[in-house]
Amino acid sequence: MKTFLILLLISSTSVFSQKLMNPNNSTIDAKLIKEETSDAVWYAEIAGQKIKIGTITTELKKLNKTDLLIRTSVRLEKAPDAKWTDSTIVKTVNFEPVYHSSFNMMRDMVLKSGKTKVTGYFLDKKSQKKDNIEMEAADYFDSSSYPVMLRFIPLKENYKAEISIFDYNPNAKKGLIKAYVLDVKKVDYIGKKAWAVKTTDDIADKTSIVTYYIDPETRKVLKQDMDLNGRKMTLEMTK
């Protein structure tokens, strides 16, 4: 009986355990990926009021037969002339990372992804401290691209996943960490069906919860709710 229980426990563990998602085992449907440009208004909830922080434009562009560019431009209400652009290049078929850059008023960062190593630099513009980056890493999504990747996997009710990602933040995490799909539910959003995909990650030790509302047919994001350790923000799509 004891042997039988041990075998049953091992069998149950293998059935219910989840394989860590990475580009080598992702279930991305590349046929769903279309070139697009979308605009969103960025709001923060302060003292019960919705305050506009800025606007965000996100572009998906197929550079060639194999590479996809994800480019995000932010325009802040209080600093409309400040430049803030993030660009990420991934392999279209599985979102394997190739390149990521982020340039804004606070810092400049460039990451180049090889098969086993990430190289680049991080410049803190306030302190003028520059970190040269060379870190071992393999089988991961860039932290900037995995939210886009979620749009193109087979979503279903109660879906959960652990995802291998790479992030570089001198004030938080550096290197390979995890993101998590906590839950997926089908909901009504302004008269249409949508997937509500609830996520978190290790960048801020799972204290930030981001929920993406995704159109099941077009796979476009309709809305994004963020609870950043008690600070509530929203992205509302305008087109």
Side-chain angles (χ1 to χ4, degrees), residues 17-28 30 33 56 58-63 66-74 84-104 106-125 129-153 159-182 197-210 212 221 224 226 228-229:
S17 62
Q18 292 181 332
K19 185 180 290 187
L20 186 65
M21 187 189 297
N22 64 60
N24 294 323
N25 64 16
S26 69
T27 53
I28 295 168
I33 303 172
I56 299 177
T58 301
E59 178 186 7
L60 300 187
K61 181 178 178 61
K62 294 181 180 179
L63 298 177
T66 61
D67 295 336
L68 178 71
L69 170 66
I70 305 166
R71 181 161 51 210
T72 303
S73 302
V74 181
W84 184 349
T85 303
D86 282 26
S87 300
T88 303
I89 299 175
V90 300
K91 294 299 180 183
T92 308
V93 68
N94 62 359
F95 272 60
E96 179 183 348
V98 176
Y99 172 89
H100 173 60
S101 66
S102 181
F103 301 109
N104 60 41
M106 298 172 288
R107 49 109 170 102
D108 289 348
M109 182 176 68
V110 171
L111 300 175
K112 297 178 182 179
S113 297
K115 287 293 183 183
T116 61
K117 189 176 293 186
V118 177
T119 59
Y121 70 88
F122 184 103
L123 172 65
D124 184 314
K125 290 186 175 178
K129 182 178 182 295
K130 184 177 182 179
D131 295 338
N132 290 314
I133 300 167
E134 185 172 348
M135 301 181 69
E136 300 293 327
D139 302 330
Y140 61 89
F141 299 100
D142 187 89
S143 61
S144 67
S145 68
Y146 89 84
V148 179
M149 178 272 295
L150 294 177
R151 297 169 48 188
F152 306 118
I153 62 175
Y159 176 84
K160 293 177 173 61
E162 293 188 356
I163 304 167
S164 178
I165 65 173
F166 182 94
D167 191 73
Y168 190 93
N169 186 335
N171 299 316
K173 303 286 185 178
K174 300 177 185 177
L176 290 177
I177 53 177
K178 291 181 183 179
Y180 308 86
V181 178
L182 301 176
V197 183
K198 185 178 181 182
T199 70
T200 190
D201 54 49
D202 291 332
I203 295 173
D205 296 322
K206 302 181 188 177
T207 58
S208 297
I209 303 295
V210 181
Y212 303 90
V221 176
Q224 185 175 327
M226 297 167 278
L228 311 179
N229 199 17

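Residue indices begin at 1 and follow the sequence shown. Because the structure is predicted, anything quoted here is derived from the model rather than measured.
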| request: Nearest 0.5 Å please: distance from the NZ atom of K19 over to the OG atom of S26. | output: 12.0 Å
| Rounded to the nearest 0.5 Å, how far does CG of N229 lie from OG of S208? | 6.5 Å
| query | Under 4.5 Å between any side-chain heavy atoms of W84 and T72, yes or no? | reply | no
| task | Please examine the side chains of T119 and I133, heavy atoms only from C-beta on, and report whether any two atoms are closer than 4.5 Å. | result | no
| said: What verdict does the side chain to side chain contact (heavy atoms under 4.5 Å, CB included) test give for F103 and T85, after you've listed the backbone C-alpha separation in whole Å, the side-chain angles of each residue and the deciding distance to 0.1 Å? | reply: CA-CA 6 Å; F103 301 109; T85 303; 5.5 Å; no
| query | T199 side chain to V210 main-chain N or O, any donor-acceptor pair under 3.5 Å? | reply | yes
| query | Y121 and D108: side-chain donor and acceptor closer than 3.5 Å? | reply | no
| message | Taking side-chain hydrogen bond (donor to acceptor under 3.5 Å, both in side chains) as the definition, give me every residue that meets it alongside Q224, ordered by chain and number, with sequence neighbours left out. | response | none
| said: If the condition is side-chain hydrogen bond (donor to acceptor under 3.5 Å, both in side chains), which residues does K62 pass it with, not counting sequence neighbours? | reply: none
| note | Heavy-atom closest pair (S164 atom, N22 atom, distance to 0.1 Å) is CB-CB, 4.4 Å
| query | Are any non-hydrogen side-chain atoms of P170 and F122 less than 4.5 angstrom apart? | reply | yes
| query | Taking the side chain as C-beta and beyond, is there a heavy-atom pair between K198 and V181 under 4.5 Å? | reply | no
| remark: Correct closest heavy-atom pair for V93 and A30 would be CA-CB, 4.3 Å
| task | Quick one: pull up CD1 in I89 and NZ in K61 and give me the separation to the nearest 0.5 Å. | result | 12.0 Å
| query | Given N104 and V74, is the side chain to side chain contact (heavy atoms under 4.5 Å, CB included) satisfied, shown in steps? | reply | CA-CA 9 Å; N104 60 41; V74 181; over 6 Å; no
| Between N25 and L20, is there a donor-acceptor pair closer than 3.5 Å when you use the side chain of the first and the backbone of the second? | yes
| message | If I take atom CG from residue D202 and atom CD1 from residue I163, how far apart are they, to the nearest 0.5 angstrom? | response | 11.5 Å
| Quick one: side-chain hydrogen bond (donor to acceptor under 3.5 Å, both in side chains) partners of S102, sequence neighbours excluded? | D86, R107
| field | Value rounded to 0.5 Å, distance of CG in L68 from CG in L63 | value | 7.0 Å
Scan the side chains in residues 172-179 for donor-acceptor partners under 3.5 Å anywhere in the protein, sequence neighbours excluded, and list what turns up.
| unit_1 | atom_1 | unit_2 | atom_2 | d |
| --- | --- | --- | --- | --- |
| K173 | NZ | D205 | OD1 | 3.0 |
| K178 | NZ | E162 | OE1 | 3.1 |

| said: I'd like to check L182 versus I209 (side-chain heavy atoms, cut-off strictly below 4.5 Å). Are they in contact? | reply: yes
| message | Does any part of the side chain of I70, heavy atoms only, come nearer than 4.5 Å to the side chain of L60, both counted from C-beta? | response | yes
| remark: Hits for salt bridge (Lys or Arg N to Asp or Glu O under 4.0 Å) against D139, two or more places apart or cross-chain, chain-then-number order -> none
Would you tabulate the side-chain donor-acceptor contacts of residues 140-153 under 3.5 Å, counting partners in other chains and residues two or more places apart, or write 'none'?
| unit_1 | atom_1 | unit_2 | atom_2 | d |
| --- | --- | --- | --- | --- |
| Y140 | OH | S113 | OG | 3.0 |
| D142 | OD2 | S144 | N | 2.8 |
| D142 | OD2 | S144 | OG | 2.5 |
| S143 | OG | F166 | O | 3.3 |
| S143 | OG | D167 | OD1 | 2.6 |
| S144 | OG | T88 | OG1 | 2.7 |
| S144 | OG | H100 | ND1 | 3.3 |
| S145 | OG | D142 | O | 3.1 |
| Y146 | OH | D201 | OD2 | 3.1 |
| R151 | NE | R219 | O | 2.6 |
| R151 | NH1 | E36 | OE2 | 3.2 |
| R151 | NH2 | E36 | OE1 | 3.1 |
| R151 | NH2 | E36 | OE2 | 3.1 |
| R151 | NH2 | R219 | O | 3.1 |

| note | Scanning both residues in full, the closest heavy-atom pair of A137 with V118 reads CB-CG2, 4.0 Å
| note | In this structure, NZ of K91 is separated from CD1 of I28 (nearest 0.5 Å) by 13.5 Å
